[in-house]
Every structure is written in structure tokens, then in C-alpha cells.
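What follows is one structure encoded as C-alpha cells, with my remarks underneath.
The sequence lines fix the lettering, A, B, ..., with proteins before strands; numbering per chain opens at 1. These numbers were taken from a predicted model, which means no experiment stands behind them. Side chains are part of it too, since the values below use all heavy atoms of this structure and drop only hydrogens, waters and symmetry mates.
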Number of protein chains: 2
Amino acid sequence: MPDITGLELSPKKVEYLKFLFKKGGLVRTTDISTQLQVDPSTSTKTIVDLAETGLVEHIPYRGVRLTEKGLKYAEFLVNRHNILSLMLSHYGLSAEEACQETSRFESLVSKAAIDKICTSMGHPMASVCGKIRHVSCGVP
Amino acid sequence: MPDITGLELSPKKVEYLKFLFKKGGLVRTTDISTQLQVDPSTSTKTIVDLAETGLVEHIPYRGVRLTEKGLKYAEFLVNRHNILSLMLSHYGLSAEEACQETSRFESLVSKAAIDKICTSMGHPMASVCGKIRHVSCGVP
DNA sequence: TCATATGTTTGGTATGTGACCAACATATTT
DNA sequence: AAATATGTTGGTCACATACCAAACATATGA
């Protein structure tokens, strides 16, 4: 697989993948639309889009699930979110603030930067938003 | 004017304003298109757009300049950029990396967050990208 | 098993941002 | 004032995201 830059997905698609990761298994498109507060038709379309990238498998009328590749990628996305939130929380932002703030811009932060931040923080195991798993960040 | 949230402008418009701030005075739309590497027609249109927000004054065939309001806002934008770059540089990113990375996502970071980061860093006077002026960040 | 209710997808359309090209308008230089 | 530079407008396009209405699939209960 080509290397992850961290910039391959649009903001919304990042949200979708993180949600799929958190739920795990087969997820109904309606669950997504409820969670992300969009019309069901919107979530279906986005999922069909994502399926074309090979990150998810869409079984029409049944649901969606992350592929192997998607799982790996989503893991990075969740880690990125957690690392950034943790970083912001070190500057006086509350857990909620840090998490919200991060959600707004995370899709534009490169994996290269995340790896450096993560290293510099000593590969922390936990963030304000959840555990951190160092699968793809170049931890020794 | 209502308070600055930091999220009022699109990424490109932020770039335009920062550029106008750095150049200062009356700037030709062609200067902008050269600098930002877009077609001159694109920069003209964006400027016309910005003019409608009252942040810049556009004198057709002559150039653009920041209004009072735009100057204030651009000052915040530049500070935000500098604060974020400085922050990233503390995590092992080089000056160039920090600056580039910041450019990608800065438009999505709120003023509220910046104020906290700035406070937490002790209102530094200089970043890796230039001086910082604490006009609007609530410095004592 | 058929009818219906519920859930999902498709088709059409809209908005915002940002981009380009070609044609036109203005300013500058000669 | 004509020729050349520079700047603007109009048209169109691409992409992301969104909604609605209609069509369709699946599940349920008669």
C-alpha cells in the first residue's frame, strides 16, 4: 500500500471512517446519518464514494464495514485525532474543547507532522479522547 | 462588529488577507495571482468577494488595500499563523515544516483556542515565522 | 405469501469554494 | 493616439456536501 500522507480524505469522510472504526463491524447507513446528522441519502452516497477507494465495503441495504485497509487507515485517523487533542489539552483547552477544536482541522494535518508530535510527546498511551495505539507512527 | 471567532473566512481568503497584510498598502491583483499561483481572474474575483465583507477596498484596475477592519483581522490571522507555527516547532517540526503545516489548517482554528495557546505559552514575542503582536489576544 | 411498514438507495437539484479560459475594459508607454 | 500592459467580466467546470422525492429492497405480521 502506498504511504499514508494523512491528506487523502475530505473532512466528512474522515468523520465517517472514525465513526465506522468506533462502532466496529457492520454499520447501517442510517446509524451514520443519525450520528453525523445528515440525510440518509447523504450518508449512502458518501459511503458509496468511500467504497470506491477500497476503504470500506458496502453491502447495499445491509450496511458498511471497514476493509482491512480501511481499518488500518481509520486507526491512523483516530490516533491523529487523539494526539492532536492531547497536544491542545496541554495548552489550557479542556478535553471537550480540545476534542472539538481538533475535529475541525484534523483532516488537514499530515501524518509526517503527527509522527513528529507523537515522538516528541514520548508516544503517550492515552489522550483526553481515548487510548492511543502506536501501530503506524514509527514507534521503536 | 461582533467578536472574531477565527472561522469567518475560507482558507484561500485567509491567504489573501495575510498576503495583503505582509505587502501593505495598495496591492495589485496580479501580485496576488503571482504569489498565490492562480489565474489573475481568480484573484480579482476573490478580491471582489472580500470587498463585500468590508475587509478590503478594491479600486478596479488599480489595486486592493485592507480596510481598518481588515487590517485588524489580518493581524489576528498572522498572529494565529505564528502562534500555531511556534507551537508545532516545539514538537520537532522545522520552521519550514511548521509554517507549511500550519498554512494547511490554520483557517479552522478558533480564536478562542489561539488565545488559550498564546496565554499558555506566555505570550511569546516571536515565532519561527515572524514577530507576534498581542493586540487582540487578551494579553494583560 | 402477500401486503404493508420501514429502511435504503437513486435521481435530481442546490450551494459554496475555487479554478480556468476567452473576451473585453482600462491604464501605461511610446 | 496607437500600441502594449494589465486587470476584469462572463461563462463554465469540478468537487464536496447537502436535501428532497421517488423508487426500491427487506422484514413483519396478517
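Between B:Ile47 atom CD1 and D:dT6 atom C1' there is a gap of 16 Å when expressed in whole angstrom units. Following rounding to the nearest Å, B:Glu8 (CD) and C:dT17 (P) show an atom-to-atom distance of 13 Å. Rounded to an integer number of Å, the gap from CD1 of A:Ile32 to C1' of D:dT17 is 15 Å. Rounded to whole angstrom, the span from the CG atom of A:Asp31 across to the P atom of C:dT6 amounts to 17 Å. With rounding to whole Å, B:Leu36 atom CG is found 17 Å from C:dT17 atom P. D:dT8 atom P lies 13 Å from atom CG of B:Leu50, rounded to whole Å. Atom-to-atom, CG of A:Asp39 to C1' of C:dA14 comes out at 14 Å; the value is rounded to the nearest Å. Distance A:His58 NE2 to C:dT10 C1': 12 Å, rounded to the nearest Å.
Exactly one residue among A:Thr42, A:Val27, A:Val64 makes a side chain to side chain contact (heavy atoms under 4.5 Å, CB included) with A:Ile47. That residue is A:Val64.
Within the 4.0 Å cut-off from OP1 or OP2 of C:dA19, not a single side-chain nitrogen or oxygen of B:Thr42 is found. For the OP1/OP2 pair of D:dA16 and a distance below 4.0 Å, the side-chain nitrogens and oxygens of A:Lys45 include no atom meeting the criterion. The phosphate of C:dT9 has OP1 or OP2 within less than 4.0 Å of a side-chain N or O from A:Thr29.
C:dT26: no Watson-Crick or G-U partner with both key distances under 3.5 Å is found in any strand. In this structure D:dA5 sits in no base pair that meets the Watson-Crick or G-U test at under 3.5 Å.
A distance of 9.5 Å separates CG of B:Leu93 from OG of B:Ser85, quoted to the nearest 0.5 Å.
No hydrogens or angles considered: nothing links the side chains of A:Ser43 and A:Thr29 as a donor-acceptor pair under 3.5 Å. A:Thr5 and A:Glu8 form a side-chain donor-acceptor contact under 3.5 Å, judged by distance and modelled atom types alone.
At the heavy-atom level, B:Ser10 lies under 4.0 Å from the strands shown only through sugar-phosphate atoms.
Classification of C:dA5 as anti follows from a glycosidic angle more than 90° from 0.
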Pull out every protein N or O sitting under 3.5 Å from an N or O of nucleotides 22-26 of chain D, one pair per line with the distance.
unit_1	atom_1	unit_2	atom_2	d
D:dT26	O3'	A:Arg62	NH2	2.9

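The side chain to side chain donor-acceptor pair (under 3.5 Å) check on B:Arg28 picks up nothing, with sequence neighbours excluded.
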Q: Just do the side-chain contact (heavy atoms from CB on, under 4.5 Å) check on A:Gln35 and A:Lys23 with the steps written out, would you?
A: CA-CA 11 Å; A:Gln35 188 67 20; A:Lys23 275 224 90 185; over 6 Å; no

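Classification of the A:Phe105-B:Phe105 ring pair by plane angle, with boundaries at 30° and 60°, yields parallel.
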